[in-house]
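Report on one structure; see the data block that follows.
Quick note: residue numbers are just sequence positions, from 1.
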Amino acid sequence: MAAWSQATANCQANRGEVRFAIVDPSGAGLRARVALDSEASHFHRSLETDANGHLNFAMLPFGVYDATVERSGFAAFHASVEVHSNVRVERLIRLGVAGVTSEIKVTGQSTLVDLQAASATSQIGSEQIGERLSSLPGRSIQDLVDSQPGWLYEGNAVLHPRGSEYQTQFVVDGIPLTDNRSPSFGPEIEADDLESMSIYTAGFPAEYGRKMGGVVELNTRRQTDPGLHGELIASGGSYATEAGYGRLQETRKKESFSASASGSRTDHYLNPVVPQNYANTGTTGDFAAGFERDLDSDDRLAAEVRHELSHYLIPNELIQQQAGQVQNGGNAETLGTARFQRIVSPDSLIVLSGMLREKSEDLDSNTNPTPIAAFQHNRLSEGYFKGTYSLHHGRNEFKAGVESDAAFLHENFRYTITDPSQFDPGTTQALSFADSRPDLEQSAFVEDLVRLRNWTASVGLRWDHYQLLLNRQALSPRIALGRAFPGQELVLHAAYDRVFQTPSFDNILLSSSQRVTAVNSNFLRLPVQPSSGDDFELGATKGFANHLRCDGAVYRRLAHNAADDDQLLNTGVSYPIAFNRSVVYGAEGKVQVADAGPVTGLVSYSYMVAVEWFPVTGGLFLGSDAQAAAAELSGHFPATQDQRNTVATRWEARVSSRLRVAAGAGYGSGLPFDYGGTQADAVAQYGPQVVSRLNFARGRVRPNLAVSASMSMDLFRHDRMQSTIHLDGENLNGRLNVLDFGGLFSGNAIAPGRSMMVRWETRF
């Protein structure tokens, strides 16, 4: 029964499991090799059954898979397998004797387009993760997500899906993390730790809530075949960047143990504010251990602990560098997760999961800060629980569940102004603040995936309760509908999502406290309401001969109390604010070439317009900002994520069985900016190089473009071991790409310049 036990508890919304039993003509178990492939989810894996013919494939994204079973002396077997439920799919395959039967084929559909999908989801598989461009530390996952349509960067690798501000959640093996996961806010799980990713910008399952701009499911790497497995990865390159990663996993009959560790350092951790890249070093570390065990044939238990940390310097501007400023930032996170799965019947299962987490964020000003010295020591303690029940019944896939999240916020902040001339008259020269409060959130959901001939409908309802500074609750219906045209490999889909989004909790106690209003007698302070809205999408997916896939969509997002953020006195300490409403609309497209001889690749394009309306409805505003906010009772302005045109492309060619070359490019038409000074002031502060990349007449950053190229070669390849080297070059065109321009002492971000990286990987 060994291979039956090697799988992970299926907690994700769109993850399933297939159990194979391979037998000979007499019905006896047979050892054989099973290959499972899907071009849509980029899943390609070949494993051997145990002596009894048993094998599990777990954590499979929903879709259609091509299964091939081979055993010497027996006819090969080919069949399609559909996975559209968390409930396990079981397939008994009887192999015929070679010579009597040469091959058995069960006709199935293309695996490039899932004809029974109610909405489109971007999938990134292990091959794409392994062949990705090397990233600076803290950004490997964000760089992969940013390659998909609808997503863009602002400074410091902060992801913005379809115009949303800090409304992205990462779901790691079924556990949601709703706080900001960019390098300056928290350490990341490295892409080397991942098996696959699923990315949503519409058609959200009712299972997900709270942060609904975009959802990124991360499935960590696991080996299911018995024995000892390992990975060792080392990389280095420009900006004195060095990184290492190692992982070991021992898989036994009913249990599996794993441990991993990674570390990195670089001289380009955050995005610098001037081309000189002053004071921008950073180091990261990550340590994890996991355990899984089948308690019996129906019960499975999995647990993991992880500790992550990062330490970095805050990049200086010219004046700050001349003054000798040194600011240190850092964060650390320790979390433990546990999952229990019980198969209630062949058509139903229960999954219970939980998490305990401690997180810290620190900021210190050590030497000659200007114009302000800021100190922050925030702590977060969180306990999370989730329970789900899944049932397959006829044409229906039911799922229901509950969630409870209790987070305890501890904020500690102080500042001292060193250059009063840079602030409004009357600004208090020093402030010290400390406070604690619980953030209590609960939810429940029910959803049903219904398939009727060529129609597929996903219908769900979610209830959320939020209690921090305010006490609010909401019901959110979710509907997605797909119509398939099998003869044309075409799916038309439509989605409506009612969303209820809780405010960011970063420094929310500080910004809402009466004590902080002592900073300036002229202030405006309003409680930050949760954001609610309606998202609409129409789209289509078309396949061509199982080699070419085209996706297109148009969308419109309407939000009330639209979430945004601001900074306290240009300290870099951000907190949530809200505007009356926002409208985001646009169109997206993606073309993928898969398994077309030696060439694979994709091109993605996004057109987006994002507009916000006054008045402000939440947050803290001081001095002249308070006057401006109070005076603006109507009117609209482009959101900070309003980049009209975004393009990303990457193509790979297999030169030989061991050598691959690739090239790509990324283009953005430029974000808006609002600078309080003149163009001459900007030249004096930031230099002519930065200002040359700004269009003051339009109030927009000029377009950015970065061209990349890479090469990878298999140095050694065997059934149980493979060693590969990657050479990557980015921004080979050498353009100075300004991502953001925010004004004096805040908001600037410059993308990395021309750089080279080399990465060596060995797996066994």
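- Donor-acceptor pairing under 3.5 Å is lacking for the side chains of Gln169 and Thr178.
- Judged by distance alone, with hydrogens and angles left aside, the side-chain atoms of Asn507 form no donor-acceptor pair with the main-chain N or O of Val573 at under 3.5 Å.
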Steps toward side-chain contact (heavy atoms from CB on, under 4.5 Å) verdict (Phe505, Asp179): CA-CA 8 Å; Phe505 51 66; Asp179 51 328; 3.7 Å; yes

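- A side-chain N or O of Gln327 and one of Ser365 form a donor-acceptor pair less than 3.5 Å apart.
- A donor-acceptor contact closer than 3.5 angstrom is absent between the side chains of Ser574 and Gln567.
- A search for side-chain contact (heavy atoms from CB on, under 4.5 Å) contacts involving Glu195 returns Arg45, Ser126, Arg221, not counting sequence neighbours.
- With 3.5 Å as the limit, one finds a donor-acceptor pair spanning the side chains of Gln249 and Arg247.
- Remark: the backbone N or O of Ala662 is not paired with any side-chain donor or acceptor of Arg650 at under 3.5 angstrom.
- Classification of Asp714 and Arg660 as a salt-bridged pair holds, one side-chain N sitting under 4.0 Å from a carboxylate O.
- Under the salt bridge (Lys or Arg N to Asp or Glu O under 4.0 Å) criterion, Arg306 pairs with Asp193, Asp286, Glu304, not counting sequence neighbours.
- Residue Gln689 places its CD atom among 12 or fewer non-hydrogen atoms of other residues, nucleotides or ligands, all under 6.0 Å distant.
- With hydrogens and angles ignored, the 3.5 Å screen pairs no side-chain donor or acceptor of Asn368 with any backbone N or O of Gln325.
- A donor-acceptor contact closer than 3.5 angstrom is absent between the side chains of Glu361 and Asn378.
- Looking at every heavy atom in both residues, Ser710 comes nearest to Asp728 through CB-OD1, 2.8 Å.
- Side-chain atoms of Thr649 come within 3.5 Å of backbone atoms of Leu602 as a donor-acceptor pair (strictly under, hydrogens ignored).
- Separation of atoms CD (Glu131) and OG1 (Thr724) is listed at 7.5 Å; rounding is to 0.5 Å.
- Taken from CG in Asn748 to CD in Glu317, the straight-line distance is 6.0 Å, to the nearest 0.5 Å.
- Side chain of Asp143 to main chain of Ser147: no donor-acceptor pair is present (N/O by atom type, distance under 3.5 Å, no hydrogens or angles).
- Considering all non-hydrogen atoms of both residues, Ser140 and Ala191 come closest at OG-N, 3.0 Å.
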side-chain contact (heavy atoms from CB on, under 4.5 Å) between Trp151 and Gln142, intermediate numbers included: CA-CA 10 Å; Trp151 297 79; Gln142 285 91 336; over 6 Å; no

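- Note on ring orientation: taking the six-membered ring where Trp is involved, the planes of Tyr200 and Tyr208 are perpendicular (angle over 60°, cut-offs 30° and 60°).
- Arg132 and Asp192 are joined by a salt bridge, as a carboxylate oxygen and a charged side-chain nitrogen come within less than 4.0 angstrom of each other.
- Pairing each heavy atom of Gln321 with each of Tyr278, the nearest pair is OE1-CB, 3.3 Å.
- Between Glu333 and Arg357 there is a salt bridge, with a side-chain nitrogen of the basic residue lying less than 4.0 Å from a carboxylate oxygen of the acidic one.
- Here the OG-NZ distance, from Ser606 to Lys590, works out to 10.0 Å after rounding to the nearest 0.5 Å.
- With values rounded to the nearest 0.5 angstrom, Leu736 atom CG is found 12.0 Å from Arg754 atom CZ.
- Here the CG atom belonging to Leu732 is positioned 7.0 Å from the OG atom belonging to Ser708, to the nearest 0.5 angstrom.
- Side chain of Asn280 to main chain of Leu270: a donor-acceptor pair is present (N/O by atom type, distance under 3.5 Å, no hydrogens or angles).
- Salt bridge status for Glu17 with Arg300: present, with a side-chain N to carboxylate O gap under 4.0 Å.
- Counted by atom type alone, Thr266 and Thr241 present one or more donor-acceptor pairs between their side chains at under 3.5 Å.
- Between the Tyr312 side chain and the Ser184 main chain, a donor and an acceptor come within less than 3.5 Å of each other.
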Verdict with reasoning, Asn277 to Tyr239, per side-chain contact (heavy atoms from CB on, under 4.5 Å): CA-CA 10 Å; Asn277 190 37; Tyr239 301 111; 4.0 Å; yes

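- For Ser310 and Thr284, the side-chain atoms include no donor-acceptor pair closer than 3.5 Å.
- In terms of heavy-atom proximity, Asn316 sits nearest to Val274 at O-CG2, 3.7 Å.
- Rounded to the nearest 0.5 Å, atoms OG (Ser256) and CD (Glu292) are 5.5 Å apart.
- Listed here is the closest heavy atom pair of Met756 and Gly729: SD-CA, 3.6 Å.
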